[in-house]
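Inspection log for the structure reproduced underneath, given as structure tokens.
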Amino acid sequence: MNLKNDDGEAAAAFYDKRRKWLDFICTMDALSDRAFRVGYWLAKRMNGHDQCCWYGMKEIAKRLSMSEDKVLRAVAELEGEGVLIVVREHRKSNSYFIRLPFE
């Protein structure tokens, strides 16, 4: 995780990486539409400072009008394809990080 420096270079690099990531997952044939939708939603809520987001499954499901089970399967699919890193902590919301598999 790169924290933003005084010039905002790390944040700008992250937003460029996020754009490339969104373009990449959009073209993945193996990725379901549901997984793309969840991945897109998560990525658009990541900021350049901590470069992650930490929404709970219930909140993601509510915002996307999906069941928690569908969100869970979509996140598992993104993880399985190697494009999303999920940090799980007991009794806390997960933290989500994008990963370009070709970096």
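Counting begins at 1 with the first residue of the sequence.
Considering all non-hydrogen atoms of both residues, Glu68 and Lys58 come closest at OE2-CG, 3.1 Å. Closest of all the heavy-atom pairs between Phe97 and Cys52 is CE2-CB, 3.2 Å. Listed here is the closest heavy atom pair of Leu22 and Ala43: CD2-CB, 3.9 Å. Between Met46 and Tyr15 the shortest heavy-atom distance is O-CE2, 4.2 Å. Summarising the geometry of Val38 relative to Ala74, their closest heavy-atom pair is CG2-CB, 3.7 Å, with the distance given to 0.1 Å. Looking at every heavy atom in both residues, Ala30 comes nearest to Glu81 through CB-OE2, 3.8 Å.
The pair Glu59-Arg63 counts as a salt bridge, with a side-chain nitrogen and a carboxylate oxygen less than 4.0 angstrom apart. Of the charged side-chain nitrogens involved, at least one lies within less than 4.0 Å of a carboxylate oxygen, so that Asp69 and Arg73 count as a salt-bridged pair. At a threshold of 4.0 Å, the pair Glu79-Arg88 counts as salt-bridged, since one of the basic side-chain nitrogens sits closer than that to a carboxylate oxygen.
One hydrophobic cluster holds both Trp21 and Val86 under the rule that ILVMFWY side chains link at heavy-atom gaps under 4.5 Å. The cluster map of Ile, Leu, Val, Met, Phe, Trp and Tyr, joined by side-chain heavy atoms under 4.5 Å apart, puts Leu31 and Leu72 in the same cluster.
Rounded to the nearest 0.5 angstrom, Met57 CE and Met66 CE are separated by 11.5 Å. Within the model, atoms CZ of Phe24 and CZ of Arg99 stand 9.5 Å from one another, a figure rounded to the nearest 0.5 Å. Note that CG of Leu42 and CG of Asn94 are 9.5 Å apart. Values are rounded to the nearest 0.5 Å. Taken from OG in Ser93 to CD1 in Ile60, the straight-line distance is 8.0 Å, to the nearest 0.5 Å.
The shortest side-chain heavy-atom distance between Val75 and Tyr96 falls under the 4.5 Å cut-off. Using a 4.5 Å heavy-atom cutoff, the side chains of Leu64 and Arg34 are not in contact.
With Arg18 as the partner, the side chain to side chain contact (heavy atoms under 4.5 Å, CB included) test is satisfied by one option alone out of Ile98, Asp23, Asn47: Ile98. Shown are Glu77, Arg37, Lys70; of these, the side-chain hydrogen bond (donor to acceptor under 3.5 Å, both in side chains) with Ser32 is made only by Glu77.
A 6.0 Å sphere centred on OH of Tyr40 holds no more than 12 heavy atoms belonging to other residues, nucleotides or ligands.
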